[in-house]
Amino acid sequence: MRLPIEAIGQKIRTIRKEKGYTLEILAVKTGLSKGLLSQVERGISQPSLDSLWKITRALEASLVHFFEDVDQKHVHLIRRKDRRQLLFPHSSGMYSLLATGGKAKLGMMQVRLMPGEQTRDQFVQAEGEECLFVMKGKISVYVGDDVFQLEPEDSLYFDSSQPHVVANEGEEEAVILWALTPPQF
């Protein structure tokens with residue numbers, strides 16, 4: 001069985017760009033040639049396990065991330081007990097993946113923030129959209145220079161290219177549904 005090299009390459013390119021790395025920087029960090037990295041990102045060359053390991057270490061990414069969602073199903077069911085939990089650096093709270101699969105164009109997660117916890121710019125990207133829906137609690141959302149106070153059943157839509165922070169400045173746990181396109185997790 002061949003690896004899904006196009007999907008793996010696309011994920012590598014996405015993470016590399018999110019980190020602000022050029023191919024030259026990634027080449028230095030991995031010890032691999034810029035040409036090989038370019039071919040891997042474009043799906044032309046299948047990386048060896050050793051090369052893929054070096055790439056994931058340099059990008060501080062999980063090796064498993066590159067093999068998730070390789071099936072091409074058009075319907076994906078995620079049972080509550082099977083939800084993946086995500087961790088993001090510089091952020092607190094609990095993130096549960098609600099929607100993902102194949103070549104999904106929409107990502108959705110449930111975010112639980114205890115009082116004082118916050119998310120920080122995890123999904124800032126060149127293009128995309130995000131929408132938050134507050135299920136429980138009160139949150140403050142900082143988008144660029146603006147601050148929005150949201151309560152249960154409030155929602156907020158914004159362009160993903162804007163820096164943003166979501167903070168639970170209330171007294172109880174906040175539960176948020178967070179949708180974004182394209183998915184970056």
Side-chain angles (χ1 to χ4, degrees), residues 1-112 119-130 159-166 178-185:
M1 177 180 137
R2 288 191 44 85
L3 294 175
I5 59 175
E6 289 175 4
I8 291 171
Q10 183 178 4
K11 287 182 179 186
I12 291 170
R13 176 180 286 137
T14 298
I15 295 171
R16 175 179 63 79
K17 287 184 175 186
E18 285 175 358
K19 293 202 170 278
Y21 295 169
T22 62
L23 281 172
E24 292 85 6
I25 292 171
L26 188 57
V28 169
K29 288 183 164 289
T30 61
L32 303 171
S33 75
K34 179 181 159 187
L36 173 65
L37 292 170
S38 175
Q39 289 180 349
V40 168
E41 283 189 359
R42 291 181 289 146
I44 295 171
S45 178
Q46 180 171 302
S48 69
L49 184 56
D50 182 59
S51 295
L52 191 55
W53 176 253
K54 289 176 181 176
I55 293 167
T56 60
R57 298 295 291 174
L59 295 175
E60 299 173 350
S62 165
L63 186 62
V64 173
H65 172 73
F66 296 100
F67 294 94
E68 294 172 334
D69 310 324
V70 294
D71 63 346
Q72 298 301 314
K73 293 179 184 176
H74 297 287
V75 176
H76 294 269
L77 171 65
I78 301 174
R79 301 273 184 208
R80 182 178 182 163
K81 66 180 177 59
D82 297 326
R83 287 184 194 159
R84 279 195 9 235
Q85 302 298 308
L86 305 173
L87 297 174
F88 296 106
H90 312 296
S91 291
S92 49
M94 181 187 311
Y95 303 79
S96 299
L97 202 52
L98 300 177
T100 186
K103 295 184 178 185
K105 295 177 183 146
L106 171 72
M108 183 172 280
M109 64 184 160
Q110 178 187 70
V111 179
R112 293 178 170 273
T119 69
R120 285 197 140 330
D121 296 335
Q122 296 307 314
F123 310 110
V124 172
Q125 51 197 1
E127 294 182 17
E129 304 169 322
E130 299 185 38
D159 185 294
S160 293
S161 66
Q162 300 178 78
H164 48 278
V165 174
V166 177
W178 194 326
L180 62 154
T181 65
Q184 294 295 309
F185 39 79

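Below, each value reflects all heavy atoms present in this structure, side chains not excepted, and no hydrogens, waters or symmetry copies.
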* Under the side-chain hydrogen bond (donor to acceptor under 3.5 Å, both in side chains) test, which residues partner Thr30, sequence neighbours left out? -> none
* Residues in side-chain hydrogen bond (donor to acceptor under 3.5 Å, both in side chains) with Arg112, at least two apart? -> Gln110, Glu173
* To do: Please identify each residue that fulfils salt bridge (charged side-chain N to carboxylate O under 4.0 Å, His left out) with Lys19, with sequence neighbours left out.
  => Glu60
About how many Å separate [atom2] of [Y] and [atom1] of [X], when rounded to the nearest 0.5 Å?
X: Ile15; Y: Thr56; atom1: CD1; atom2: OG1; value: 9.0 Å
X: Arg42; Y: Ile12; atom1: CZ; atom2: CD1; value: 13.0 Å
X: Ile8; Y: Lys11; atom1: CD1; atom2: NZ; value: 8.0 Å
X: Lys17; Y: Thr22; atom1: NZ; atom2: OG1; value: 11.5 Å

Looking at every heavy atom in both [X] and [Y], which two are closest together, and how far apart are they?
X: Met108; Y: Ala179; answer: CE-CB, 3.8 Å
X: Leu32; Y: Ile55; answer: CD1-CG1, 3.9 Å
X: Glu130; Y: Leu180; answer: CG-CB, 3.7 Å

* **Flag, side chain of Ser160 to backbone of Glu129, donor-acceptor distance under 3.5 Å** => yes
* Side-chain touch Val111/Val166, heavy atoms, less than 4.5 angstrom -> no
* Side chains of Arg16 and Leu23: closer than 4.5 Å at any heavy-atom pair? -> yes
* Structure fact -> By side chain to side chain contact (heavy atoms under 4.5 Å, CB included), Ser33 pairs with (sequence neighbours left out) Leu36
* Could I get the full list of side chain to side chain contact (heavy atoms under 4.5 Å, CB included) partners for Arg57, not counting sequence neighbours? => Trp53
* For the residue pair Ser161 and Asp159, confirm or rule out a side-chain donor-acceptor distance under 3.5 Å. => yes
* Summary of salt bridge (charged side-chain N to carboxylate O under 4.0 Å, His left out) pairs that have at least one residue in residues 25-37, sequence neighbours excluded -> Glu24-Lys34
